[in-house]
Each structure stands twice: as C-alpha cells, then as structure tokens.
Amino acid sequence: MSRPVASYLAPAASGAVGVDLAIPARALAIGAHPDDIDFGCGATLAKWAAAGCVVTELVLTDGSKASWDPTGDRPGLLTLRQEEQRAAAAALGASDVGFLGHVDGELDSGLAERAEVCQVIRQARPDVVLGHDPWKRYRLHPDHRHAGFLAVEGVVAARDPHFFPEQGLAPHRPSSLLLWEADQVDHLEDIEAFLAAKVTALLAHRSQWESTMGIAADPDAEEEAFETRIRERGAEAGAAAGLALAEAFKRIDRL
C-alpha cells in the first residue's frame, strides 16, 4: 500500500494509513522505562531483526520507582529491571541495549539529555528511530512525554554538524521516525507473525507482572488474559488497513 510521504511538513490526508516500511538496515528504539519499547514496538522490532536489521534499544530511566511496594528495594529493582530488559531485547532479536540511567519519574528533556540521545543516534546510525509520541493528548506520565521529545530533538541534533561537535562523531540523519502511542496514527506495521515474540518480551518484565500486566493471583490464567489483551490491541490497530494484527505509529519522513 502506498501513500504520500507523511511528515510535519506534508501530513497524510485525514484517515490515510500506510503499511510497512522497507526493512531498515539499522533501527534504534528509544523508551522512557524498561518495557516501554516492548509495549510500543516490540513486534515490529522482532520482524525487522528476523529480516536482518540491526536493532538497538535505548532506555532513558532506571525504572526504579515501578513498584507498588513502598518499602521495596529500589536499588535491587534497578538491577532487576535492566536484567529484564536485556532478556526482553534478546527475545526480540535486538543486538544491543543501552541505559542512560536517569531517575525514574525525574526525566527531563533539556540540552544535556538531548546530547546523550544525539550521541547514541550518531553511534548507532539508524535508518529508523522509534519512540514515544510526545504530543499525545492527555498523557499523564512526564517521563513518556520527555522521552518522546528527546527522540524527536535527538534526531534534529544528530543530523546537524554544529550540534554537539565536541562528541567527535559524524552527523547522522535517519530516514524515518516512528512514534508509538500516536495521537494521530498514519502508519501500521504488520505483526501477525511476531505477536508471540512481543508477548515473550513483555513477560520477561516479571517485576511488572502485578502492577502493569495484572498477573498475580492466577499466573496461568492471567498470562493468557494478558496475551489476549495484547492481541486485541493489535487487532484493533490492524483493522484500519485490513490487517489481522498491527502496531500503530505516527510516521515522519522529512527529517
């Protein structure tokens, strides 16, 4: 399915939805917390990795507040969440996972943080960058909003040689930017063959089973119910283009 290039300069016509980018050689997914990438684009990354794409993940915060236990071991949770993210990345076929380690709930999108993301983009040299949509209306979590701005603004900085020249890295301009949880969806990735990889990656985040996934009292039944919810979300996204299952994005190409 073809469509006009969608971007902030030439947006897709209302209701127009494109399907499937060409498999990129390299992709970089930028998430606020461990598990955000897996929820947002896990099946897309698995599809691309299976086709030979080099997938890099960048997690911006330490995930240390993601527990309902007020007396919990936060340093221990930090270590655990990194281990879980590495296991999830392996389930998707990702080649590398980086952690910037900003305190959970305290992420900012200032110049220092932008420089960090710019550096990773210049090092990874992705054809496609994926991240949170920072313009999603009524978004409550500030980390998601700031992470989205850092993905967008990191791309701008990485492409231009006069941003952060002290890094000593060549500028890099990706071809496309895909934003998940999009306020205005205009692109879908067909994930019918890769939903299982997405679910496996998500279930690797065992520390989040109770709080995020509703898995506590009856793990077997609740795991099945969680997988059903993920499948239903994929089916709802795919319906816009007649796909059985999809992940949905805002696509920006004029970078």
Side-chain angles (χ1 to χ4, degrees), residues 6-9 11-12 21 24 27-45 55-63 65-66 81 85 88-89 94 97-122 124 126-160 163-164 172-189 198 202 212 233 237 246-255:
S7 75
Y8 56 91
L9 294 176
L21 291 175
L28 170 64
I30 302 171
H33 311 97
D35 82 13
D36 286 340
I37 291 169
D38 307 302
F39 274 112
C41 62
T44 297
L45 296 181
V55 172
T56 300
E57 299 182 354
L58 178 65
V59 179
L60 303 183
T61 75
D62 59 15
K65 293 178 181 172
R81 297 208 71 191
Q85 186 61 54
V97 186
F99 301 91
L100 292 189
H102 293 284
V103 176
D104 192 350
E106 301 178 25
L107 183 65
D108 198 0
S109 49
L111 282 174
E113 294 84 5
R114 189 188 308 172
E116 291 178 310
V117 173
C118 169
Q119 180 169 328
V120 173
I121 293 172
R122 287 173 172 172
D127 302 296
V128 181
V129 172
L130 307 95
H132 301 263
D133 181 355
W135 299 289
K136 183 177 177 63
R137 287 171 289 183
Y138 315 123
R139 181 184 294 284
L140 294 183
H141 203 306
D143 285 350
H144 289 192
R145 186 167 56 252
H146 285 297
F149 280 123
L150 286 171
V152 172
E153 295 165 4
V155 165
V156 173
R159 75 186 185 191
D160 294 332
F163 283 82
F164 312 117
H172 177 73
R173 185 188 297 264
S175 300
S176 296
L177 175 64
L178 297 182
L179 302 176
W180 67 73
E181 298 176 336
D183 203 62
Q184 180 183 346
V185 170
D186 62 7
H187 181 78
L188 300 177
E189 287 289 329
K198 179 185 180 86
L202 285 166
T212 302
R233 292 179 193 177
E247 288 177 333
F249 304 93
K250 171 64 182 175
R251 174 178 168 182
I252 302 174
D253 290 325
R254 293 187 182 178
L255 304 177

If you round to the nearest 0.5 Å, how far is [atom2] of [Y] from [atom1] of [X]?
X    : Y    : atom1 : atom2 : result
R159 : C118 : CZ    : SG    : 11.0 Å
S109 : D143 : OG    : CG    : 10.5 Å
L107 : F149 : CG    : CZ    : 12.0 Å
L100 : L150 : CG    : CG    : 8.5 Å
D36  : F39  : CG    : CZ    : 8.5 Å

- Task: Dump the intermediate steps for side-chain contact (heavy atoms from CB on, under 4.5 Å) on I30 and L60, then the final yes or no.
- Result: CA-CA 7 Å; I30 302 171; L60 303 183; 3.9 Å; yes
**Prompt:** Hey, which of E247, K198, E189 is the one that makes side-chain hydrogen bond (donor to acceptor under 3.5 Å, both in side chains) with T44?
**Reply:**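 Going through the options one by one, the only one that passes is E247.
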Among K136, K250, R137, which residue satisfies the side-chain hydrogen bond (donor to acceptor under 3.5 Å, both in side chains) criterion with D183?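 Looking at K136, K250, R137, the match for D183 under the side-chain hydrogen bond (donor to acceptor under 3.5 Å, both in side chains) is R137.
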>> Suppose we screen for side chain to side chain donor-acceptor pair (under 3.5 Å). Which residues come up paired with T61, at least two apart in sequence or across chains?
In response: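 T61 satisfies side chain to side chain donor-acceptor pair (under 3.5 Å) with no other residue.
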- Message: Just to verify, what does D108 make a side chain to side chain donor-acceptor pair (under 3.5 Å) with, not counting sequence neighbours?
- Response: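 For D108 there are no side chain to side chain donor-acceptor pair (under 3.5 Å) partners, ignoring immediate neighbours.
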Looking at [X] and [Y], what are the two nearest heavy atoms and their distance?
X    : Y    : result
L45  : A29  : CD1-CB, 3.9 Å
A32  : V59  : O-CG1, 4.1 Å
A88  : D38  : CB-OD2, 3.6 Å
A237 : L188 : O-CD1, 3.4 Å
L111 : F164 : O-CZ, 3.8 Å
S175 : L255 : C-CD1, 3.8 Å

Side chains of [X] and [Y], heavy atoms from C-beta outward: is any pair under 4.5 Å?
X    : Y    : value
L177 : V152 : yes
L178 : V129 : no
Q184 : W135 : no
W180 : I37  : yes
I121 : P126 : yes
H146 : E113 : no
F99  : D62  : no
S176 : D127 : no

Under 3.5 Å, side chain of R122 to main-chain N/O of A157, donor-acceptor pair present?
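Checking the backbone N and O of A157 against the side chain of R122, a donor-acceptor pair under 3.5 Å is found.
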Holding to ring pair (Phe, Tyr, Trp, His ring centres under 6.0 Å), I want the full list of residues that pass it with H144, two or more places apart in sequence or in another chain.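 With neighbours one apart ignored, the set is H33, H132, H141.
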Item checked: R139 bridged to E181 by N-O distance under 4.0 Å ->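 Counted as a salt bridge, because a side-chain N and a carboxylate O are separated by less than 4.0 Å.
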Are D253 and R251 close enough for a salt bridge, meaning some N to O gap below 4.0 Å?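 Looking at R251 together with D253, the answer is yes, because their closest N to O distance falls below 4.0 Å.
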Check the pair L28 / L130 against side-chain contact (heavy atoms from CB on, under 4.5 Å), numbers first and verdict last.
CA-CA 6 Å; L28 170 64; L130 307 95; over 6 Å; no
